[in-house]
Amino acid sequence: MSKQLSPRAAYVHVPFCVHRCGYCNFTLIAGRDDLIEAYLSALERELSLLVEPRPVETLFIGGGTPTHLPPAALARLLGAVRRRFPLAERGEFSVEANPAGLDAERVDILAEHGVTRMSLGAQSFDADKLAMLERDHAPADIARGVELGRKRLASVSLDLIFGTPGETLAVWRRDLESALRLTPDHVSTYGLTYERGTTFWNRLSRGRIARLDEELERSMYAEAIDALGVAGFEHYEVSNFARPGHRCRHNEIYWAAEEYYAAGPGAARYLAGRRETNHRSTTTWLKRVLAGESPVAESETLSPEDRAREALVLGLRRMEGVDRREFAARTGFEIDVLVGRELSRFVELGLLIGEGGRVRLTREGLFVSDAIWPAFLRR
Ligand code: SF4
């Protein structure tokens with residue numbers, strides 16, 4: 001951990017989207033662009049109350065769709081964030097973008113405000129799959145977005161989803177090939193999940209759509225690992241792949257269980273061992289901040305043991321795993337004392353390797369990692 005800067009990272013949430021995609025349960029408000037000015041005023045206020053201006057090594061503006069903001073509003077947002085959190089030398093500044101509506105003017109504004117990295121929500125290059133996901137962009141918009149980003153920014157990442165209802169392995173292979181043809185610097189791949197409260201959840205409950213077969217989903221993930229590996233990407237976290245020098249440093253700070261600032265509706269921060277989450281309702285967050293009230297909906301102070309358990313799970317998401325000695329020095333807990341029995345069980349099952357100084361996932365463990373974590377978090 002850096003001795004000079006702690007926290008080293010800050011996150012800002014932008015809750016606006018044109019519409020809500022069927023599978024999305026992120027904090028957002030669709031079709032309410034009339035709230036953008038009030039949101040910006042509230043965000044400036046929240047930032048000013050959060051901390052005195054101080055440099056950070058990584059900034060991340062996510063959403064929602066940050067690039068949905070009109071150009072002047074986008075410039076105001078970026079200016080406010082940079083004033084509060086000036087970027088340290090060689091810092092990383094990521095902004096999420098969607099292919100629909102992304103234009104040269106907005107990308108110029110990003111570049112002029114020091115953005116170094118754009119994470120583009122491509123999801124798929126297949127028109128039918130995009131329609132199933134209720135995305136509002138066409139496959140051609142992705143190539144255009146990558147080209148715009150590449151002209152002005154140091155790093156372009158693509159998000160891809162697999163496992164949509166009716167999707168075949170051939171469709172997913174074509175998605176990976178199309179993504180690789182655009183030579184992104186970074187790729188994140190996620191299996192579709194059905195979250196309670198989403199349209200997809202309701203359709204699934206009523207039998208109108210069906211989950212993909214588990215074996216097929218597994219093959220899709222394996223295909224991504226292999227194809228991206230052959231193309232020279234380093235698989236550095238369960239869902240993330242980077243060309244050399246293009247890992248997402250901001251997310252690496254999360255996986256290292258370090259502290260970070262956060263602002264905006266639904267944003268979660270982790271400061272001085274305390275986790276706070278803002279109200280997920282944009283209008284509630286907005287009213288509270290503008291009334292001078294706290295926007296925090298939930299907060300908890302983690303015990304040293306809970307912090308250690310969380311740090312272990314976050315660290316194990318990284319392919320390099322967790323160094324036993326470093327972990328003990330940082331958290332005050334030996335891994336084998338903390339979770340020895342569970343660890344042995346997963347090692348016997350071939351899901352984790354615990355030899356030598358490190359603990360890490362095996363290839364088999366990658367496919368079932370979400371089922372491993374609860375055992376380490378439970379006391
Ligand atoms: S564009 Fe992204 S954030 Fe917006 S509704 Fe769709 S999935 Fe959610």
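Numbering of ligands and ligand atoms starts at 1, following listing order. Note that the structure is a prediction, hence the values are computed from the model and not measured.
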Is NZ or CZ of Arg324 both nearer than 6.0 Å to the six-membered ring centre of Phe327 and within 45° of the ring axis? no

Determine, stepwise, if the pair Arg358 / Glu326 fulfils salt bridge (Lys or Arg N to Asp or Glu O under 4.0 Å). CA-CA 10 Å; Arg358 300 192 85 80; Glu326 257 177 45; 5.5 Å; no

At what distance is the nearest protein heavy atom to atom 2 (Fe) of ligand 1, and which residue and atom is it? Arg135 NH1, 3.7 Å

Around atom 1 (S) of ligand 1, find the nearest protein heavy atom and jot down its residue, atom name and distance. Asn98 ND2, 3.1 Å

Test your reading of the model: is there a side-chain donor-acceptor pair from Thr65 to the backbone of His68, 3.5 Å cut-off? no

Using non-hydrogen atoms of the residue, decide whether Gln123 is closer than 4.0 angstrom to ligand 1. no

Ligand-side contact atoms (ligand 1) for residue partner His19, heavy atom cut-off under 4.0 Å: 5 (S)

Centre-to-centre under 6.0 Å for Tyr221 and Phe367, is that the case here? yes

With ring centroids as reference points, do Phe16 and Tyr39 lie under 6.0 angstrom apart? yes

Restricting to distances shorter than 2.8 Å, give the number of protein N, O or S atoms close to atom 8 (Fe) of ligand 1. 1

Establish, yes or no, whether a centroid distance under 6.0 Å links the rings of Tyr11 and Tyr254. no

Only one of Arg84, Arg269, Arg288 clears salt bridge (Lys or Arg N to Asp or Glu O under 4.0 Å) with Glu46; which? Arg269

Regarding Thr183 and Arg150, is there a side-chain donor-to-acceptor distance under 3.5 Å anywhere? yes

